[in-house]
Amino acid sequence: MRRHGVDPDRLAAFLAAEQQAYRQAHPRSADLASRSSEHWHGGVPLHWMSDWGLPFPLFLKEATGSCLTCVDGHQHADFCLGDTGAMFGHAPEPVRRAVAHQIARGATAMLPSALVPEVGRLLAERFGLPVWQATLTASDANRAVIRWARALNGRSDILIFNGAYHGAVDDVHVRLADGVPVQRAGLVGQVYDMRAHTRVVEFNDIAALEAALADRGVALVLAEPVMTNIGMVLPDEGYHAALRRLTRAAGTLLAIDETHTLSAGPGGYARAHALEPDFLVVGKAIGGGVPAAVYGVTAAVSQGMARVRAEAPGYSGIGTTLSANALAMAAMRAMFEEVMTADAYRHMIATASDLAGRLRAIIAERRLPWCVTAAGARVEFMLAPEPPRTGGAAARIGSAEIEGALRLALINRGVVVTPFHNMLLAAPTTGPEEVDRLCAGLEAALDAIVAA
Ligand SMILES: Cc1ncc(COP(=O)(O)O)c(C=O)c1O
């Protein structure tokens with residue numbers, strides 16, 4: 001029986017052949033995998049690195065621009081780009097220069113570096129919020145925002161959208177199962193009930209949001225402007241206006257997490273669509289590979305933060321030792337001034353739009369019940385005829401077997417795509433040759449597995 005337009009027998013035979021081809025083409029990765037397993041848990045320094053569904057991990061030799069070279073010398077067109085961490089290409093020259101300069105002068109000192117005023121100005125100009133704090137990761141930034149919001153309005157609950165991911169943030173690991181909040185499956189060592197202070201509703205469901213905010217018990221709504229971590233779920237027309245109106249009416253603060261949707265334009269999705277968040281979180285790509293994240297706040301929130309600190313001085317529970325270090329500041333300045341430029345975005349978005357059109361044509365030619373979604377430089381193909389409107393609907397589509405086989409087949413054809421929901425990013429360095437290679441690889445793979 002065909003699933004998603006794919007013949008399961010052809011899929012199984014194809015997968016076995018591709019696994020064999022991968023093993024043969026990557027003897028050095030195989031050797032490193034075997035040696036790494038001695039002293040790294042699961043053979044990798046972060047267990048996510050073995051989640052690609054490959055016979056063994058692909059070991060990196062080097063990556064520049066949109067090209068990733070593995071230790072066996074194969075060059076890959078990289079559309080994963082570190083799952084957005086390298087959204088603007090690997091090793092951008094201005095960042096290399098800035099990092100080399102700064103590292104020779106000290107990377108971290110628990111003191112603000114001389115670049116701090118300028119980086120603050122660049123953040124305010126780009127994203128439109130006046131006041132900022134820096135963290136090492138977007139997870140840290142989201143945790144900080146949740147704490148500030150609770151402290152500011154004295155409420156304990158937060159609200160997130162079903163299927164959301166905002167990093168390694170405990171409060172957010174809650175989902176809906178048949179409309180009922182449950183803790184996310186697979187959490188390790190979870191001992192307290194995170195549902196106690198986390199409410200969950202479906203994205204794009206205005207009535208559910210209104211009902212969940214009605215008792216004025218929610219401190220913060222934490223939202224991606226386009227859901228990206230369950231496959232992409234775009235907001236309905238008018239949804240963000242309703243979200244802002246309802247949060248304001250309920251005295252609830254609104255945080256927009258732009259970590260992934262920075263793909264939408266130079267100031268992210270929020271700037272492009274004139275959203276008015278109280279907090280804005282941006283992480284991953286803004287350091288050009290150097291760990292760095294930031295959160296911006298309105299003037300009113302900043303005043304509230306000062307009041308909270310004055311009322312309860314002492315250890316805040318917010319911040320980590322290496323946050324806001326001099327190296328991160330140097331990298332961010334180089335990124336904002338020289339890499340994340342309007343020209344770079346024009347190229348990224350035009351390339352992604354071309355790619356999305358070609359993917360739609362490939363799907364249509366094969367009459368597959370699949371669709372393509374996009375947010376600026378980010379494109380995904382989804383194994384459903386229509387883009388989902390909620391995280392719950394998005395969670396029900398897809399196929400680990402089909403997507404895993406395609407990912408492996410693409411690597412065998414010199415293309416790397418993200419190991420989650422077929423995400424493809426166009427960098428400023430992504431050219432037509434890379435797009436051609438991706439499309440040719442996908443066509444070859446699909447022609448081997450689609451049902452007659
Ligand atoms: C929307 C969003 N926010 C935050 C994070 C956390 O980023 P990090 O893992 O760098 O802390 C992620 C990670 O994928 C994300 O997708």
Side-chain angles (χ1 to χ4, degrees), residues 44-49 51-52 80-88 127 133-147 149 158-175 184 186-187 198 200 203 220-235 240 243 254-264 268-270 275 277 279-296 318-320 322-325 328 331-332 335 373 375-380 391 394-395 417-425:
V44 281
L46 170 62
H47 63 275
W48 299 1
M49 289 177 177
D51 284 351
W52 286 68
C80 167
L81 295 169
D83 188 35
T84 74
M87 191 190 300
F88 303 94
F127 296 107
Q133 285 284 274
T135 61
L136 268 191
T137 68
S139 300
D140 293 338
N142 281 321
R143 277 195 299 271
V145 163
I146 291 170
R147 271 183 174 266
I158 65 162
L159 184 144
I160 56 160
F161 294 101
N162 189 26
Y165 179 73
H166 296 281
V169 181
D170 280 353
D171 303 76
V172 180
H173 297 319
V174 183
R175 296 215 158 162
R184 217 179 145 162
L187 295 176
T198 300
V200 192
F203 198 62
L220 177 80
V221 171
L222 174 57
E224 282 190 280
V226 173
M227 294 189 80
T228 66
N229 282 295
I230 187 92
M232 263 199 278
V233 181
L234 294 158
H240 276 293
L243 172 60
L254 174 63
I256 294 288
D257 181 352
E258 283 283 15
T259 300
H260 278 180
T261 46
L262 194 55
S263 63
Y269 188 98
L275 308 187
F279 296 89
L280 186 83
V281 169
V282 196
K284 294 205 202 184
I286 57 171
V290 174
V294 289
Y295 56 98
I318 296 172
T320 61
L322 297 181
S323 296
N325 65 67
M332 281 195 281
M335 286 300 288
T373 49
R378 181 186 182 105
V379 179
E380 292 182 12
V417 305
T418 315
F420 321 106
H421 38 78
N422 320 312
M423 190 274 282
L424 308 163
L425 275 171

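Just so it is clear, the structure is predicted and the values come from calculations on it, not from any experiment. Remember, it's 1-based here, ligands and their atoms both numbered in the order they're listed. All residue numbers refer to positions in the sequence shown, counting from 1.
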* To do: State which residues pass side chain to side chain contact (heavy atoms under 4.5 Å, CB included) with Pro235; sequence neighbours excluded, sorted by chain then number.
  => Phe203, Asn204, Val226, Tyr239, His240, Tyr269
Counting N and O atoms only, with roles assigned by atom type, does the side chain of [X] sit under 3.5 Å from a partner on the main chain of [Y], one being a donor and the other an acceptor?
X	Y	value
Thr261	Ala264	no
Ser139	Ala168	yes
Arg378	Met232	no
Asp140	Thr135	no

* Asked: side chain to side chain contact (heavy atoms under 4.5 Å, CB included) with Phe161: which of Val233, Ile230, Val221?
  -> Val221
* What does the list of residues with a heavy atom under 4.0 Å from ligand 1 look like, ordered by chain and number? -> Thr137, Ala138, Ser139, Asn142, Tyr165, His166, Gly167, Glu224, Asn229, Asp257, Thr259, His260, Lys284
